[in-house]
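Protein chains get the first letters and strands the later ones, always in sequence-line order, with residue 1 at the start of each.
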Amino acid sequence: MLVRVITKKFCEPNVVMYSTMIKGLCKTHDYVRAVGLLKLMDKSGCKPIVVVYSTVIDKMVFQKGIPPGAVTYNSLIPGLCKVGRSEEASKMLKEMSDDQKMSPNVKNFSILVDALCKEGKIEEAEAIIKIMPERDILPDIVTYTSLINGYCLQGYCNESKIDEAMHILQEITEQGLEPDVVTYTTMLQGLFRGKRCEDAKELFLIMKETGCSPNDTTYNVLLHGCLKNQQYDDVKMLLVEMDERGLEPDVVTYTTMLQGLFRGKRCEDAKELFLIMKETGCSPNDTTYNVLLHGCLKNQQYDDVNMLLVEMDERGYLLWASTLSLLQSRIAAKILDESLLRLIGKLEPKYSINASCLDT
DNA sequence: GTAGGGTTAG
């Protein structure tokens with residue numbers, strides 16, 4: 001296909017190239033290829049994907065009135081969900097189920113369930129799950145994980161939804177479905193969201209007892225949850241476990257931890273963690289340095305300020321406005337020496353017009 | 001087809 005040749009030989013195709021090719025395919029009613037190209041475009045991270053998706057979908061279904069085949073259905077249902085048209089996806093899935101020649105599978109249904117849950121339409125998602133067995137399709141662990149996630153997302157404003165998520169987890173386990181690492185991680189995140197740290201720790205133990213191995217996402221969720229809920233003493237424990245399992249926190253996880261420790265006024269722990277981070281070969285980035293500087297300044301820890309500024313300068317990192325103003329106020333108050341101003345001047349953010357905005 | 005993340009004044 002042309003797009004593969006272009007990608008291989010020259011460069012990533014841009015949105016104009018994709019759209020032109022997709023339009024051409026639609027003209028010849030080759031919707032299967034058009035949808036295939038849409039998927040490729042989506043994967044490549046081309047931005048206005050939602051608009052193109054909607055255009056193709058409308059051309060196919062609503063203008064031409066072409067009865068979609070199984071392949072088209074399977075591409076269209078996730079497409080409709082992606083652009084927030086889950087009601088149409090729902091209707092399409094019903095049509096598909098009613099058609100004797102086509103048999104939607106658990107994947108088709110799960111995509112819809114997931115989309116509904118993310119839109120907050122839990123009841124509709126549950127209705128879908130209920131009709132699945134009538135069509136001889138059993139919801140699997142992925143289907144239920146999406147449902148649990150749906151409840152957990154609502155737990156932001158309604159903590160009782162977390163209980164409902166736990167209840168579902170218990171129910172499906174009793175039915176003989178085995179929760180996997182994604183299910184547990186989803187539930188753990190929900191429990192932390194509802195500030196239920198003890199329940200989260202207990203579930204984490206159960207998870208490991210049942211032989212489900214936590215992965216790096218699980219640990220990131222745990223670390224984040226513990227720090228947000230001021231459970232500082234668990235951090236070291238979790239880091240040791242990660243190490244034992246050969247998992248390593250990345251720069252975002254370290255920076256999150258540093259920020260959490262500073263917020264809890266655990267400056268010594270934060271400094272120690274920064275050393276560990278460097279020793280393990282995880283390179284701090286500009287956010288890490290700003291978080292560190294910000295944390296030190298707010299906690300009246302001035303010994304390392306000069307060193308951090310020098311390191312930022314060596315790496316070509318800039319100061320955030322908030323960090324800069326903290327520095328300036330400390331200098332004005334004669335807490336920090338004026339001689340720092342020369343260095344700070346080099347690290348001040350410079351504002352410029354982003355040329356790429358003018359490209360299109 | 002399912003889970004995660006860092007900046008925002010005193």
Handout entry: Of all pairs that satisfy salt bridge (Lys or Arg N to Asp or Glu O under 4.0 Å), the ones with a partner from residues 122-136 of chain A, not counting sequence neighbours
Key = A:Asp98-A:Arg135

Practice task
Rounded to the nearest angstrom, tell me the gap between atom CD1 in A:Ile331 and atom P in B:dA9.
Solution key: 19 Å

Practice task
Give every residue pair that meets the ring pair (Phe, Tyr, Trp, His ring centres under 6.0 Å) criterion with at least one member in residues 113-143 of chain A, sequence neighbours excluded.
Solution key: none

Completion exercise
Contact check, residues 175-196 of chain A vs DNA chain B, heavy-atom distance under 4.0 Å, returns A:Asp180, A:Val182, A:Thr185, A:Thr186, A:Gln189

Practice task
Could you state the atom-to-atom distance from NZ of A:Lys107 to P of B:dG1 in whole Å?
Solution key: 6 Å

Name the atoms and distances for all side-chain donor-acceptor pairs under 3.5 Å in residues 223-235 of chain A, with sequence neighbours left out.
residue, atom, partner, partner atom, Å
A:His224, NE2, A:Lys228, NZ, 3.4
A:Asn229, ND2, A:Gly225, O, 2.7
A:Gln230, NE2, A:Lys228, O, 3.3
A:Gln231, OE1, A:Lys201, NZ, 2.7
A:Gln231, NE2, A:Asn229, O, 3.2
A:Tyr232, OH, A:Gly264, N, 3.4
A:Asp234, OD2, A:Lys201, NZ, 2.7

Practice task
Looking at every strand, decide which applies to A:Thr323 at a 4.0 Å heavy-atom threshold: base, sugar-phosphate, or nothing.
Solution key: nothing

Practice task
Look at the side-chain heavy atoms of Ile, Leu, Val, Met, Phe, Trp and Tyr, link any pair under 4.5 Å apart, and say whether A:Leu138 and A:Tyr144 land in one connected group.
Solution key: no

Fill in the blank from the handout: A:Tyr219 meets the ring-ring contact (aromatic ring centres under 6.0 Å, His included) criterion, sequence neighbours left out, with A:Phe204

Practice task
Output all residues satisfying side-chain contact (heavy atoms from CB on, under 4.5 Å) with A:Asn215, sequence neighbours left out; order by chain, then residue number.
Solution key: A:Val181, A:Thr217, A:Thr218

Exercise for the section: Please confirm whether any donor atom in the side chain of A:Asn108 sits under 3.5 Å from an acceptor in the base of B:dG1, or the reverse. Expected result: no

Fill in the blank from the handout: In whole angstroms, the gap separating P of B:dT7 from OH of A:Tyr289 amounts to 19 Å

Practice task
Have a look at A:Lys118 and say if it touches a base, only the backbone sugar-phosphate, or nothing, with a 4.0 Å heavy-atom cut-off.
Solution key: sugar-phosphate

Practice task
For the side chain of A:Thr217, starting at C-beta, report the closest nucleotide among B:dT7, B:dA3, B:dG5.
Solution key: B:dA3

Exercise for the section: Provide, to the nearest angstrom, the distance between the CG atom belonging to A:Leu327 and the P atom belonging to B:dT7. Expected result: 18 Å

Handout entry: d(CG, A:Leu319; C1', B:dT8) in whole Å
Key = 15 Å

Handout entry: Any A:His294 side-chain N or O less than 4.0 Å from OP1/OP2 of B:dA9
Key = no

Exercise for the section: Taking only the side-chain heavy atoms of A:Leu326 (C-beta and beyond), determine which of B:dG1, B:dG10, B:dG5 contains the nearest atom. Expected result: B:dG10

Handout entry: Nearest atoms (heavy-atom pairs only) where A:Cys117 meets A:Gly150
Key = CB-CA, 3.8 Å

Exercise for the section: Figure out the CD1/P separation between A:Ile162 and B:dA3, and round it to whole Å. Expected result: 16 Å

Problem - Nucleotide B:dT2, atom P - distance to CG of A:Leu153 in whole Å - result: 14 Å

Exercise for the section: Describe the nucleic acid contact of A:Asn215 in one word from base, sugar-phosphate, nothing, applying a heavy-atom distance below 4.0 Å. Expected result: base

Exercise for the section: Can you tell me the distance, in whole Å, between the CG atom of A:Asp140 and the C1' atom of B:dT2? Expected result: 9 Å

Problem - Check: B:dG6 base within 3.5 Å donor-acceptor of A:Asn290 side chain - result: no

Practice task
Looking at every strand, decide which applies to A:Val106 at a 4.0 Å heavy-atom threshold: base, sugar-phosphate, or nothing.
Solution key: base

